[in-house]
Participant: 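One structure coming up, written as structure tokens, with questions to follow.
The figures that follow rest on heavy atoms only: side chains count, while hydrogens, waters and symmetry mates do not.
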Amino acid sequence: MLEEAIQSARSDFDLTEKEHQRSVTALAELLLTSGESAAEAILKASAPTAPLEARIAALLADSRSWLLSDPDRTLHIGVIFAMWGEQNRLLPKSDDNETGEDSLVTKMEQLEWATQDTAINWQLYAVDDGCPHHSGSLAASIAKEHRLGDKVTVLHLSHALPAESGPLKNLASVDDSRKAGAVILGCIAALEKGADAIIYTDADNSVHLGQLGLLLRPFVEDSAEVVLGDRKQAGSVLVKEGARWGIGIKVLRHMQRMIGKAIFSRGILDTQAAFKLYQADLLEKILVDPTVFDFSFDTDWILGAISHQATIAKVPFAFIDSAAESASITQGPMTTWETLLFGLAKSVKRYGVADKDAAAMIEVLEEEINGHPDLEVIIDLLPEELTDAGESDFGDPQVMSPEALQTWLRDVLGK
């Protein structure tokens, strides 16, 4: 029965379909109760040749199995997500809303499933980052009508600014935030409520929060102060809706890896995954004075953790791309990459972790890249040195030095 269920599992997963959410949860339950040991059932379902739904269910079952291993374990977890332009994904799918994911309701129900029959307490913090379509008000109305609505706290960044003190004191207005300001506000609220750990994710359904236990396991068992979801790690499930970038993405990744060597040399390669846990005391230290309030906050916080000599763990997890209304698409992919590169450079300089090559690459970035229009040119071009470059080559100055890249940039940008 178990093997038949695994083999008949879905080969696709639609984030807008409630039935897909119910089906994967039901399969995860079967893995835990099939009569075989949970470990054996999970191993079968997680085989690389197993259907997509089965592999996702295996991760959910692994998470739930660990959470149930000590049902009296008491933890208070704050789960944060920022909202900007999320009015469609917050609502269910309909003829008038084809990209609807019913995402707030889905998150509540996923967390309820993961933690039922345990002593783990969770609270969702949905933070409006100045959304022009009033995502915050919509989220509040959705929560009010749901039986789990008291587990949701809706916040508005605009109501918290200007701040005279605290982590947001250097954020002038909501217009100056690009996600990070909202996430920080959510963290402040969760920490004030006594959260033991903070998890942040995205507003869409790309990350099934039933995977909560995957982050909590190293936090509890290994005293990890930071746990990073890693879509590049063996055992992860990653579904992308297609390549978003041109061939020049290799150039951007080469620059990113060299500038951020202090991060990437530690094997932390998936810095932007929206499934991370920070221990409360450490996060309070990091947020004393955030370097940035934009999309590059992920690397800023990781560098902050490194500066405090924190124990950092990585875990595989399932991620299904929700690209239709992604901010990196609606606001422009190269605008996002401009933010990531310059924000990373700012944080590396702030924490004083640039070696010779990183410092040279930062200088190249700041001298040769005059914003996202230059990146729009670069993304469709590729220097010969990086033609055959792969993951292990990005950031290696022997593959392409900062000086060689500077010469190439000046040539293709007509400088």
Side-chain angles (χ1 to χ4, degrees), residues 67 71-83 103-129 135-137 139-144 146-161 163-169 171 174 177 179-203 207 209-213 215-216 219-220 223-227 274-290 293 297 301 304-305 308 310:
L67 291 167
D72 297 323
R73 182 188 296 113
T74 302
L75 286 172
H76 177 46
I77 307 299
V79 182
I80 319 293
F81 66 92
M83 298 178 293
S103 60
L104 178 57
V105 169
T106 301
K107 290 180 192 301
M108 288 188 279
E109 294 176 351
Q110 289 172 347
L111 287 167
E112 180 190 41
W113 173 79
T115 60
Q116 62 185 337
D117 303 319
T118 77
I120 292 175
N121 180 36
W122 57 269
Q123 187 73 18
L124 267 172
Y125 295 85
V127 192
D128 188 313
D129 197 32
S135 291
S137 298
S141 66
I142 293 170
K144 184 178 180 180
H146 197 275
R147 61 184 175 80
L148 295 170
D150 62 345
K151 302 289 290 181
V152 177
T153 299
V154 178
L155 302 169
H156 296 259
L157 182 59
S158 60
H159 298 174
L161 300 176
E164 294 183 359
S165 61
L168 296 173
K169 65 181 182 296
L171 183 60
V174 69
S177 173
K179 188 177 183 178
V183 173
I184 290 170
L185 178 60
C187 291
I188 294 170
L191 291 169
E192 288 178 348
K193 290 293 185 179
D196 298 302
I198 305 295
I199 290 171
Y200 67 87
T201 187
D202 278 342
V207 178
L209 292 179
Q211 299 176 97
L212 175 74
L215 292 180
L216 290 179
F219 170 67
V220 171
S223 299
E225 295 158 280
V226 180
V227 187
F275 192 50
K276 295 184 175 72
L277 176 148
Y278 279 80
Q279 188 261 355
D281 291 341
L282 173 67
L283 188 56
E284 282 191 304
K285 295 174 184 176
I286 293 172
L287 294 184
V288 167
D289 184 20
F293 296 98
F297 79 97
W301 291 17
H308 287 287

Participant: Around atom NZ of Lys193, are there more than 12 heavy atoms of other residues, nucleotides or ligands at under 6.0 Å?
Facilitator: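 No.
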Participant: Report the distance from atom CG of Leu209 to atom OG1 of Thr106, rounding to the nearest 0.5 Å.
Facilitator: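 The distance works out to 9.5 Å.
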Participant: Any heavy-atom pair between the side chains of Met108 and Val79 that's under 4.5 Å?
Facilitator: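 Val79 vs Met108: side chains apart.
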Participant: Does any non-hydrogen side-chain atom of Leu277 lie less than 4.5 Å from one of Leu216?
Facilitator: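 Yes, at least one pair of side-chain atoms sits under 4.5 Å.
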Participant: Return the CG to CD1 distance between Asp281 and Ile286, rounded to the nearest 0.5 Å.
Facilitator: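 Between atom CG of Asp281 and atom CD1 of Ile286 there are 11.0 Å.
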Participant: Looking only at heavy atoms, what is the nearest atom pair of Ala305 and Tyr278, with distance?
Facilitator: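 That closest heavy-atom pairing would be CB-CE2, 4.4 Å.
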Participant: Parallel, tilted or perpendicular for Tyr200 and Trp301, by the 30°/60° rule?
Facilitator: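 It falls in the perpendicular class, over 60°.
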Participant: With side chains defined as the heavy atoms from C-beta onward, is the minimum distance between Phe297 and Ile184 less than 4.5 Å?
Facilitator: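 Side-chain contact under 4.5 Å: no.
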Participant: Any non-hydrogen side-chain atom of Phe81 less than 4.5 Å from a side-chain atom of Leu104?
Facilitator: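 Heavy-atom side-chain distance check passes, below 4.5 Å.
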Participant: Donor-acceptor pair, distance only, cut-off 3.5 Å: does the side chain of Lys151 make one with the backbone of Trp122?
Facilitator: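 At least one qualifying donor-acceptor pair exists.
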Participant: Between His156 and Ser158 (side chain of the first, backbone of the second, donor and acceptor by atom type, cut-off under 3.5 Å), is there such a pair?
Facilitator: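 No, because the side chain of His156 does not come within donor-acceptor range (under 3.5 Å) of the backbone of Ser158.
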Participant: CD1/Ile120 to CG/Asp72 distance, rounded to the nearest 0.5 angstrom?
Facilitator: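 Between Ile120 CD1 and Asp72 CG, I get 11.0 Å after rounding to 0.5 Å.
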Participant: For Pro71, does its backbone N or O pair with a side-chain atom of Thr118 as donor and acceptor, under 3.5 Å?
Facilitator: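 No: the side chain of Thr118 does not pair with the backbone of Pro71.
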Participant: Nearest 0.5 Å, what's the CG-CD distance between Asp196 and Gln279?
Facilitator: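 If I round to the nearest 0.5 Å, the distance is 8.5 Å.
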Participant: To the nearest 0.5 Å, what is the distance between CD1 (Ile80) and OH (Tyr125)?
Facilitator: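 Interatomic distance, Ile80 CD1 to Tyr125 OH, rounded to 0.5 Å: 6.5 Å.
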Participant: When Lys107 is tested against each of Thr201, Leu148, Val152 for side chain to side chain contact (heavy atoms under 4.5 Å, CB included), which residue passes?
Facilitator: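 Among the candidates, only Thr201 passes.
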Participant: How close do Leu287 and Cys187 get, counting heavy atoms only, and between which atoms?
Facilitator: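 Closest approach of Leu287 to Cys187: CD1-CB, 3.9 Å.
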Participant: Please report the closest heavy-atom contact between Gly181 and Leu168, naming both atoms and the distance.
Facilitator: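 Heavy-atom minimum between the residues: O-CD2, 3.8 Å.
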Participant: With no hydrogens and no angle check, is any side-chain donor or acceptor of Ser103 less than 3.5 Å from a backbone partner on Ala203?
Facilitator: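 Judged by distance alone, yes, a pair lies under 3.5 Å.
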Participant: Ala190 and Gly78: which non-hydrogen atoms are nearest, and at how many Å?
Facilitator: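 Shortest heavy-atom contact: CB-CA, 4.2 Å.
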Participant: Please give me the minimum heavy-atom distance between Ala197 and Phe219, naming the atom from each residue.
Facilitator: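 Nearest pair, atom of Ala197 first, then Phe219: CB-CZ, 3.9 Å.
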Participant: Using a strict 4.0 Å threshold on nitrogen-to-oxygen distance, state whether Glu225 and Lys285 make a salt bridge.
Facilitator: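 Answer for the salt bridge query: no.
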Participant: I need the Phe275 CZ to Leu215 CG distance, nearest 0.5 Å.
Facilitator: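 If we round to the nearest 0.5 Å, Phe275:CZ and Leu215:CG are 3.5 Å apart.
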Participant: Ion pair present between Lys179 and Asp202, side-chain N to carboxylate O less than 4.0 angstrom?
Facilitator: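 Salt bridge present between Lys179 and Asp202.
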Participant: Can you name the nearest heavy-atom pair linking Ala280 to Ala195, along with the distance?
Facilitator: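 So the two residues come closest at CB-O, 3.2 Å.
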